[in-house]
Amino acid sequence: MTGRYDETEGRGPEEPVVVRDRRRIDPLTGEVRPAAPAEPQDGPKHAAPAEEPVVTEAPEPATHAGPGLGDSIVDDSVTVATGLEKELAERTADLQRLQAEYANYRKRVDRDREQVVTGAKASVVNDLLPLLDDLERAEQHGDLTGAFKAVGEKLVGSLQRSGLEPFGAEGEAFDPSVHEAVQHSTSPDVAGPTVTTVMRRGYRFGERVLRAALVGVTDHEPGAAPAPAAQDAPVDPPVGGELPLEGELFDENNR
């Protein structure tokens, strides 16, 4: 019988299986491996010693290195400071605008308050104008005497200190905004429209005219040209039997 054939017969000792990792990048650390020394071609084949992983330290960053490609060249601290300064300038402008608006508001309120107070005073003084007219007429007729005169003078002084101002006197230039003309005449003695008669005095309170003055106005009228003087020549009386002239005869008849 034929014996069992053994494939291993006639073979030498089996060579060990060696796996060499020739990758340039270490899969564990991601670092580049150093180049392995070349093996002699004729030397005996033996298993290569296991390569120890090479640990390389990461290089320290350069302190004065410039920005990398794509990096921003603006310092974050400078950007933050610039943003704060911009915000501060905006807030300052808002405060200044608010302060200006408030100042204008105060001026407007003060002006309105002053106008209201002036209007109230003018209304009260306007109601007292007939009383002033009576005092003035009494003074013109000589009836303003004694205690009555003292009271009248105090009243007029108090009103004038409050802002009441009378106007309308003879000799003033006629102003249609404050004078009401109720009489008109002409005269060569005036150069223009002039108040020559005051029938009722006018009053103003501050810049407000409470009552116009009733006046008579005289306007300028050019004077008539003087007539030429008659030349009266002396006439000699008739002598002997001479007849008198025509003018002399007219004069004798008039006599």
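Cation-pi geometry between Arg201 and Phe167 is not satisfied (NZ or CZ under 6.0 Å from the ring centre, within 45° of the ring normal).
To the nearest 0.5 Å, atom CG of residue Asn126 and atom CZ of residue Arg208 are 9.5 Å apart. To the nearest 0.5 Å, atom CG of residue Leu128 and atom CG of residue Leu155 are 6.5 Å apart. Once rounded to the nearest 0.5 Å, the distance linking OG of Ser158 with CG of Leu164 reads 11.0 Å. If you take OH on Tyr102 and CG on Leu95, they are separated by 15.0 Å, rounding to the nearest 0.5 Å. Annotation: the span from Glu85 atom CD to Thr92 atom OG1 amounts to 11.5 Å, rounded to 0.5 Å. The structure places CZ of Arg137 at 10.5 Å from CG of Leu132, a figure rounded to the nearest 0.5 Å.
Residue-environment remark: CD (Gln99) stays at or below the threshold of 12 foreign heavy atoms within 6.0 Å. The 12-atom threshold is exceeded at CD of Gln115, counting heavy atoms of other residues, nucleotides or ligands nearer than 6.0 Å. Around CD of Glu207, the count of heavy atoms belonging to other residues, nucleotides or ligands within 6.0 Å does not exceed 12.
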Walk me through whether Val215 and Thr196 qualify under side-chain contact (heavy atoms from CB on, under 4.5 Å).
CA-CA 7 Å; Val215 297; Thr196 54; over 6 Å; no

Might you work through the side-chain contact (heavy atoms from CB on, under 4.5 Å) test for Arg204 and Val178, ending with a clear yes or no?
CA-CA 9 Å; Arg204 66 166 58 92; Val178 295; 3.7 Å; yes

Evaluate the criterion salt bridge (charged side-chain N to carboxylate O under 4.0 Å, His left out) for residue pair Asp133 and Arg211; output intermediate values, then yes/no.
CA-CA 12 Å; Asp133 294 339; Arg211 188 179 70 184; 2.7 Å; yes

Given salt bridge (charged side-chain N to carboxylate O under 4.0 Å, His left out), test Arg113 with Asp110 step by step and report yes or no.
CA-CA 5 Å; Arg113 183 186 298 111; Asp110 294 341; 2.9 Å; yes

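Tyr203 and Val156 fall within a single hydrophobic cluster, where Ile, Leu, Val, Met, Phe, Trp and Tyr are joined by side-chain heavy atoms under 4.5 Å apart, directly or via other members. One hydrophobic cluster, built from ILVMFWY side chains closer than 4.5 Å, holds both Leu131 and Val125. Transitive grouping of hydrophobic side chains (ILVMFWY, heavy atoms separated by less than 4.5 Å) keeps Val151 and Val124 in distinct clusters.
Looking at His184 and Asp219, their side chains come closer than 4.5 Å, going by heavy atoms from C-beta outward. Counting only heavy atoms from C-beta outward, the side chains of Leu135 and Phe148 approach each other to under 4.5 Å. Contact check for Gln183 versus Met199: side-chain heavy atoms found under the 4.5 Å cut-off.
The two residues Gly202 and Ala213 come nearest to each other via the heavy atoms N-CB, 3.5 Å. Scanning both residues, Phe174 and Val217, for their nearest heavy atoms gives CD1-CG2, 3.4 Å. Across every non-hydrogen atom of Lys149 and Leu144, the tightest pair is CD-O, 3.4 Å.
Thr218 and Ser185 share a side-chain donor-acceptor pair at under 3.5 Å.
Not a single donor-acceptor pair under 3.5 Å links the side chain of Thr194 to the backbone N or O of Val190.
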